[in-house]
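For reference, the structure discussed in these notes is given below.
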Amino acid sequence: MHILIGENRLELTIGDITKEKTEAIVNAANGSLMGGGGVDGAIHQAAGPELLQACRTIRKQQLKGEPLGTGEAVITAGYHLPASYVIHTVGPIWDDHHPNQDKQLASCYLHALKLAQEHHLSSIAFPSISTGVYRFPIKLAAEIAIRTVTNYLQTATFGQVKIVLFSEADFRVYQSALKHITDSL
Ligand code: ADP
């Protein structure tokens with residue numbers, strides 16, 4: 001399913017993000033940038049060892065050895081992936097409900113979109129950030145993701161944004177969030 005927002009297209013699909021042919025795919029990384037499970041592991045596996053090396057260089061040079069902060073984003077090449085770039089962002093870990101976590105999740109989407117635009121990219125694919133191991137409730141995460149992306153696309157000329165869901169059930173949650181939000185636009 002997709003909607004048009006100005007000259008931009010927002011699309012929801014079911015699939016494996018490592019197969020996406022958008023210019024950039026987003027990785028739901030952890031602060032270490034050293035890989036992990038879930039989508040992070042799948043992206044590193046498909047991109048090859050060069051991706052880990054690029055992440056090491058970013059940790060050392062750009063981040064001065066510090067971990068990447070929650071809600072922040074950095075960009076690397078995509079190496080063996082069909083996507084030319086990977087934008088790594090760190091979602092919040094769900095911990096009861098601290099309102100700051102909503103802002104941090106929104107920041108992931110916003111910073112990734114801004115970084116893509118700074119690199120003159122016009123297509124990007126996101127996974128459902130924080131809703132796996134980080135346990136963010138998917139209904140709330142979907143609303144935050146879609147609201148942040150639609151708000152951004154209302155003010156920018158970007159191109160194509162895809163949200164790639166890993167299951168039919170996740171897709172349905174995002175689909176109803178999209179309907180709910182577009183009804184109110
Ligand atoms: P987080 O630590 O941010 O919660 P996870 O990787 O555990 O990240 O999960 C984020 C979402 O990514 C989950 O919905 C999970 O099902 C999904 N996911 C896992 N592998 C893939 C993949 N190859 N493509 C797209 N989504 C994936």
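For ligands, and for the atoms within them, numbers begin at 1 and follow the listed sequence.
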Flag, side chain of R9 to backbone of Q160, donor-acceptor distance under 3.5 Å: no
Donor-acceptor pair, side chain of D170 and main chain of L165, under 3.5 angstrom: no
I3 with F126, same ILVMFWY side-chain cluster at under 4.5 Å: yes
Joint cluster assignment, V86 & L33, ILVMFWY side-chain distance < 4.5 Å: no
How close does the nearest protein non-hydrogen atom get to [atom], and which residue and atom is it?
atom                    : result
atom 8 (O) of ligand 1  : A28 CB, 3.9 Å
atom 3 (O) of ligand 1  : S130 N, 2.9 Å
atom 11 (C) of ligand 1 : S128 O, 3.2 Å
atom 22 (C) of ligand 1 : F166 CE1, 3.4 Å

Heavy-atom closest contact (A141 atom, I129 atom, distance): CB-O, 4.5 Å
For the student: nearest non-hydrogen atoms of H2 and L4, plus distance: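 For H2 versus L4, the nearest heavy atoms are CD2-CD2, 4.2 Å.
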Closest to atom 13 (C) of ligand 1 among I43, V39, I163, T131 (heavy-atom distance): T131
Identity of the nearest option to atom 24 (N) of ligand 1, non-hydrogen atoms only, from V133, I17, T18: I17
Atom indices of ligand 1 within 4.0 angstrom of D170 heavy atoms, with elements: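 In order of number, 14 (O).
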Atom indices of ligand 1, in the order listed, that fall short of 4.0 Å to a heavy atom of D16: 22 (C), 23 (N), 24 (N)
G132 N/O to ligand 1 N/O under 3.5 Å: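 Yes; at least one N/O pair falls below 3.5 Å.
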Ligand 1 to R135 polar contact by distance, N or O atoms, under 3.5 Å: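 No, there is no polar N/O contact under 3.5 Å.
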Pairwise side chain to side chain donor-acceptor pair (under 3.5 Å) hits with a residue in residues 113-124, at least two apart: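 Counting only pairs at least two positions apart or across chains, the side chain to side chain donor-acceptor pair (under 3.5 Å) contacts touching residues 113-124 are E23-S122, E23-S123, Q117-Y152.
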Side chain to side chain donor-acceptor pair (under 3.5 Å) contacts in which one or both residues fall within residues 66-92, not counting sequence neighbours: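 Of all non-adjacent pairs touching residues 66-92, those that pass side chain to side chain donor-acceptor pair (under 3.5 Å) are N27-H88, E50-H80, T76-H88.
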contact_flag G15 ligand 1 heavy-atom lt 4.0 Å: yes
